[in-house]
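Below is one structure, written out as structure tokens; comments come after it.
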There are 2 protein chains.
Amino acid sequence: MTPQNKKIPRMSLERLPIYYRTLCNLADDGYQRIKSAQLGKIIQIEPTTIRRDFSYFGDLGKSGYGYDIGHLIEIFGMILEVNETQGLALIGVGNLGRALLINNFRRNPNLEIITAYDADPAIIGETINDVIIQPLADLQADLSTKQIKGVISTVPSHALQLVVDYLVECGITSILSFAPEPVNVPESVHVRYLDLTTEVQNLLLLAELG
Amino acid sequence: MTPQNKKIPRMSLERLPIYYRTLCNLADDGYQRIKSAQLGKIIQIEPTTIRRDFSYFGDLGKSGYGYDIGHLIEIFGMILEVNETQGLALIGVGNLGRALLINNFRRNPNLEIITAYDADPAIIGETINDVIIQPLADLQADLSTKQIKGVISTVPSHALQLVVDYLVECGITSILSFAPEPVNVPESVHVRYLDLTTEVQNLLLLAELG
DNA sequence: TCATTTTTGTTAATCAAATCACATTTACAG
DNA sequence: CTGTAAATGTGATTTGATTAACAAAAATGA
């Protein structure tokens, strides 16, 4: 199958970062080729699922041989746009926000929080890891000078919808929210939720009943 | 359908914490009844999905009426065991671990990090939010005196498998790992992965191609 | 060079989840 | 008390993802 003929299934896209990271590790360790069965062992995914996933991005393998790791990295890297830094804005610099800012995707050179905002006047102006904390109202102006591909929000539930409305107004289209409350956004805006409490609850629940 | 007749689908269980939290909010706001259509609007889930989910836990609603919020909270609360505190151990007290410990599920009185461990001698003995940072080797002994229902690990990839092996040996059965690398554990042990980098990558990717 | 072995890519089968459609039940207004 | 409207619970269907099975392709070794 040639690429982009069909819509690529969501789950296959979700696995792409895993594939990419693992293949980079293998390349660093000096490996040059891999077969779906080996890779499957490493990342605990059925080989057949891997082969199908890969097939959405072209005819990447060779029968009786496997896949060329360098080639896969090249293709997947292109799709993931690893060569251009993906600038992110952080909104909400509490404990969690601070931790994210200090880490700042250090292990992943193509993701970088480049601006940070908070509502608390007491911390505005503070610099963490070279990023100045600004009032949220500055975001709009920043967008004209900086390439911001997405927003990470640690804003608590009660303030969230208001903030998100503003983000949408500014033209932001990708938001990762650490609050569980669903927000209303237009079709064109993508919101992803990542609530730590819910994750832990689900962990314990599935251990109990799953 | 009477409860527990059939295995409850994973996805229905995963939604339970969302239902519970939302219903508690509604109760706090003084509401006493709700229909699937209203609830669906709030949490952006199809009413029919909600009704089917609920049906796994018994005949909870009444035709032409809806659901009694108090009753739902009671049932779901029982399943989620909200009345007994679920003790957690934190392993890895770096930036992220520290943030988790400071927050310590404050909004959720039934989850609580009660012990914390790290490999760095420099921070062992330090107290954060009433929790003392200990060497990991102490975990085994702690288990005999404290009820620990699960472990949250912010241990980096390279050390993870070793740590997890120890956890399994200690009898831990639920682990939430903030590192992306899959670990090998026996069938009986549940591991949940939550890698922030992967989440952001997926966010941007799905916005682009999804 | 040729036979054997390996491994892919994909069609078909399976499985799980979401949604549709509606019979049944209950509330409630008149 | 009765008829109408509303909402549930669930078989049937659809959708989407995973897995099995295998034909075709390529590598390797004799």
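Each chain gets a letter, A, B and so on, in the order the sequences are listed, and its residues count up from 1. Note that this is a predicted model, so its numbers are computed, not measured.
- Residue A:Arg52 places no side-chain atom within donor-acceptor reach of the base of D:dT18, judged by atom type and a 3.5 Å distance cut-off alone.
- Per the geometry, CG belonging to B:Asp68 stands 15 Å off C1' belonging to C:dA27, to the nearest Å.
- Whole-Å rounding puts the A:Leu72 CG to C:dG9 C1' distance at 14 Å.
- The phosphate of C:dA17 (OP1 or OP2) has no side-chain N or O of A:Arg10 nearer than 4.0 angstrom.
- An OP1 or OP2 oxygen of D:dG9 is reached within less than 4.0 angstrom by no side-chain nitrogen or oxygen of B:Arg51.
- The side chain of A:Lys62 has D:dA27 as its nearest neighbour among D:dG9, D:dA27, D:dA17.
- Listed by chain and residue number, A:Glu81 satisfy the salt bridge (Lys or Arg N to Asp or Glu O under 4.0 Å) test with A:Lys149 (two or more places apart in sequence, or in another chain).
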In residues 63-78 of chain A, what donor-acceptor pairs under 3.5 Å come from side-chain atoms, sequence neighbours left out?
from    : atom 1 : to      : atom 2 : distance (Å)
A:Asp68 : OD2    : A:Gly70 : N      : 3.3
A:Asp68 : OD2    : A:His71 : N      : 2.9

Can you name the atoms? Protein N/O to nucleotides 28-30 of chain C N/O, anything below 3.5 Å, with the distance.
from   : atom 1 : to      : atom 2 : distance (Å)
C:dC28 : OP1    : B:Arg33 : NH1    : 3.4

Show the atom names and distances, to 0.1 Å, of all donor-acceptor pairs under 3.5 Å that link a side chain in residues 178-189 of chain A to residues at least two apart or in another chain.
from     : atom 1 : to       : atom 2 : distance (Å)
A:Glu181 : OE1    : A:Ser157 : OG     : 2.3
A:Glu181 : OE2    : B:Arg21  : NH1    : 3.3

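- If you measure from atom CG of B:Asp53 to atom C1' of D:dT10, you get 13 Å, rounded to the nearest angstrom.
- When each of C:dT8, D:dA20, C:dT24 is scored by its nearest atom to the side-chain atoms of B:Ser63, the top-ranked nucleotide is C:dT24.
- For B:Glu199, the salt bridge (Lys or Arg N to Asp or Glu O under 4.0 Å) partners are A:Arg192, not counting sequence neighbours.
- Taking the nucleotide of DNA chain D with the nearest heavy atom to each of B:Ile34 and A:Met11, the more 5' of the two is matched to B:Ile34.
- Partners of B:Asp165 according to the side chain to side chain donor-acceptor pair (under 3.5 Å) rule, which considers only residues two or more places apart in sequence or in another chain, are B:Gln161.
- The side chain of B:Thr48 has C:dA21 as its nearest neighbour among C:dA21, C:dA18, C:dT10.
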